[in-house]
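Report on one structure; see the data block that follows.
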Amino acid sequence: MSSLFPALTAGPAGRVALSFGDRTLTYGELGAAAGALAARIGGAGRVAVWATPALETAVAVVAALEAGIAAVPLNPKSGEKELGHILSDSAPSLVLAAPGDQLPPPLRELERLDVDVRAVGTQDGAQAVAQVGEDDPALVVYTSGTTGPPKGAVIPRRAVTHTLDALADAWQWTGEDVLVHGLPLFHVHGLVLGILGPLRRGGSVRHLGRFGTEGVARELNEGATMMFGVPTMYHRVAQALPEDPGLAQALGKARLLVSGSAALPVHDHERITAATGQRVVERYGMTETLMNTSVRADGEARAGTVGVPLPGVELRLVEEDGTPITSYDGETVGEIQVRGPNLFTEYLNRPDATAAAFTADGWFRTGDMAVREADGYVRIVGRKATDLIKSGGYKIGAGEIENALLEHPGVREAAVTGEPDPDLGERIVAWIVPSDPQSPPSTEELADHVAARLAPHKRPRRVHHLDELPRNDMGKIMKRALTS
Ligand code: MCA
Ligand code: AMP
């Protein structure tokens, strides 16, 4: 297979590829640094990447891909339990990190390689990747399910190239584009679309380090052409617009504003359009499938829809019993199933979960419920599993939080639900039966407990104390009865 990034060798070496604040790398510098690192890690098996929002993360992942080995991006805020699980499950041979980054104890047992973004390598990426097949793994990205710890989705190289090239077609995305975003680099959205995307096109990305509306406005004023964000980010943009005419002007200059990872409420679409004249484009994807649908740059941006299937992606809606729905009536709801080169190959070490995720004829069951309009536009209306929560664009399983809460000595029983939140989409709510009703653990204590074991974005934002959890005759917790 050829390099995922032709511009590393074929494009203008002086063009800026990546900027993180004041730190930048041109294509020439990126090619040299990634080439040097690729030469050191070639044949290493899988490598973990301490995925801080920094140049080093981008160089590490590009180097792994150029060396033809799989990268496992780690959330630098992962708690002990989550990190321990990911490391024992993915068994990386070493960890790549920025010089000076402090790594937590479970990682200290692994060999560590510091990423030198100024290194000068001689390895020709094309040579190493020539040995690699397109079904070989590019990334292992951990994603939450309804129960149990996160599963490692093995994403092959062909899925990355296919999804990025399909998006280029849908968005008229070229090497002339300059992308701005502040997404984390340990998920598909920020890493695959937000870093590998511009690099595959030979364009530039300016990462904000952390998201803020000032950074977005500054970069769009200084030549950025596209913005990617989760709905929480666009909600914050919409909130800031009335007080900030400069932000409205800057957004008005963008070629394309793209939202994904969760539904962008129509109200936020409308507020942004009213203030800037721009229509935010939504695309729909998943860690396991990369991108499935998008509103096209040359199509009608219709708020509340995720557009049409991307080139090469087959999409169908099915009834509960698996019967395909043939109507395009904007009303008949079915589960979205997808098939195509954009799909993952398996959940690492989980043949049971992999088998359950696919139909016998190779369709992936997304668990998302949708309708199709007469012209094929897909409108997502909900999710099959109520135990999956989308908060700030992160997918979070209720089961993993319940298990973490039960490990707190002050908690006898626990149930976790999601409830609507104007900023986060959904917020995590914990319902607990305290071990000692006289001195129940505080919300803050439980939030810290979950943040330290799993990750801060998985922490409950509200905690309710109950004498007992509502259960049916079978003893199963009735979550629908848990409403505040
Ligand atoms: C607060 N913090 C804590 C605690 N409380 N840390 C430890 N313990 C605590 N008890 C810290 C947080 O870590 C955070 O730090 C800061 O305080 C603020 O926390 P929070 O309010 O939770 O965060 P936020 O600023 O409101 O975050 C909103 C956000 C974020 C920026 C929109 O949710 C985000 O980045 N979302 C992106 C999710 C994403 O990329 N999803 C893609 C997956 P600090 O600010 O330093 O971090 S989906 C996907 O990939 C598919 C393929 C798709 O379709 O895209
Ligand atoms: P993740 O597993 O974290 O990759 O999240 C994938 C899930 O995010 C999908 O199954 C959808 O439920 C949701 N999602 C992604 N993009 C959108 C969108 N534009 N609108 C609604 N839901 C979305």
Side-chain angles (χ1 to χ4, degrees), residues 51-53 73 75-79 139 141-146 150-151 153 155 159 163 167 181-194 208-213 228-237 258-265 269 280-295 303-307 335-336 338 342 344 364-370 378-385 388-397 421 423-428 442-461:
T52 55
N75 175 356
K77 289 199 174 143
S78 281
L139 297 164
V141 178
Y142 279 80
T143 180
S144 293
T146 50
K151 301 188 286 282
I155 299 172
T163 230
L167 291 177
H181 73 88
L183 292 156
L185 301 188
F186 46 85
H187 276 309
V188 162
H189 194 168
L191 181 62
V192 178
L193 272 58
L208 298 173
R210 77 184 292 145
F211 172 79
T213 53
F228 291 173
V230 294
T232 301
M233 295 171 181
Y234 284 102
H235 176 77
R236 292 180 186 180
V237 164
V258 187
S259 174
S261 301
L264 180 63
H269 269 287
V280 178
V281 155
E282 279 198 72
R283 94 297 180 282
Y284 156 64
M286 216 172 157
T287 304
E288 291 90 334
T289 65
L290 304 189
M291 295 303 117
N292 295 312
T293 70
S294 183
V295 170
T305 78
V306 293
E335 183 191 0
I336 301 176
V338 289
N342 53 314
F344 76 138
F364 175 73
R365 309 173 203 271
T366 65
D368 292 310
M369 306 300 287
V378 176
R379 183 182 295 275
I380 296 176
V381 296
R383 231 182 352 248
K384 241 179 151 177
L388 281 179
I389 300 162
K390 264 271 163 172
S391 188
Y394 287 111
K395 182 154 86 180
I396 302 161
D421 182 284
D423 182 46
L424 296 170
E426 287 183 286
R427 76 175 84 94
I428 296 170
S442 68
T443 300
E444 200 185 17
E445 189 177 341
L446 292 177
D448 288 348
H449 171 81
V450 173
R453 294 190 76 62
L454 303 178
H457 65 264
K458 297 184 179 178
R459 70 191 191 274
R461 311 276 173 149

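Counting starts at 1 for both ligands and their atoms, in listed order.
Residue-to-ligand polar distances keep H187 apart from ligand 1: every N/O pair is separated by 3.5 Å or more. No N or O atom of S391 sits closer than 3.5 Å to an N or O atom of ligand 1. Polar contact check, K390 against ligand 1: no nitrogen or oxygen pair lies under 3.5 Å apart. Ligand 1 has no N or O atom lying under 3.5 Å from any N or O atom of L183, backbone or side chain. Below 3.5 Å of separation, one finds an N or O of G392 facing an N or O of ligand 1. In terms of polar-atom proximity, K390 is counted as a contact of ligand 2, with an N or O under 3.5 Å from an N or O of the ligand.
Of all protein heavy atoms, the one closest to atom 50 (O) of ligand 1 is H189 N, 3.0 Å. In this structure, atom 18 (C) of ligand 1 lies nearest to the protein heavy atom R459 NH2, 4.7 Å. In terms of protein heavy-atom proximity, atom 16 (N) of ligand 2 is nearest to S261 N, 3.1 Å. Among all non-hydrogen protein atoms, the one lying nearest atom 12 (C) of ligand 1 is P456 CB, 4.0 Å. Protein heavy atom in closest approach to atom 23 (O) of ligand 1: R461 NH2, 4.7 Å. Counting only heavy atoms of the protein, atom 44 (P) of ligand 1 lies nearest to K77 NZ, 2.7 Å. Among all protein heavy atoms, the one lying closest to atom 34 (C) of ligand 1 is Y394 CE1, 3.7 Å. Ranking the protein heavy atoms by distance from atom 54 (O) of ligand 1 puts R283 NH1, 3.0 Å first. When only non-hydrogen protein atoms are considered, atom 21 (C) of ligand 2 lies nearest to A263 N, 3.3 Å. The protein non-hydrogen atom at the shortest distance from atom 26 (O) of ligand 1 is R236 NH2, 2.8 Å.
Of the protein's heavy atoms, none falls inside 4.0 Å of atom 16 (C) of ligand 1. For atom 20 (P) of ligand 1, the protein comes within 4.0 Å by at least one heavy atom. In this structure, atom 48 (S) of ligand 1 has a protein heavy-atom contact shorter than 4.0 Å.
Within the 4.0 Å heavy-atom criterion, the part of E282 lying near ligand 2 is the side chain and not the backbone. Residue T287 touches ligand 2 through backbone and side chain together, judged by heavy-atom distances below 4.0 Å. With a heavy-atom cut-off of 4.0 Å, R383 does not touch ligand 2 at all.
When each atom of ligand 2 is checked for a heavy atom of V306 under 4.0 Å away, the hits are 18 (C), 19 (N), 20 (N).
Proximity annotation for atom 18 (C) of ligand 2: of G307, A262, G425, G260, A262 comes nearest, heavy atoms only. Nearest to atom 10 (N) of ligand 1 by heavy-atom distance, out of T443, D448, T287, is D448.
Under the 4.0 angstrom criterion for non-hydrogen atoms, E444 is not in contact with ligand 1. At least one heavy atom of M291 sits under 4.0 Å from some atom of ligand 1.
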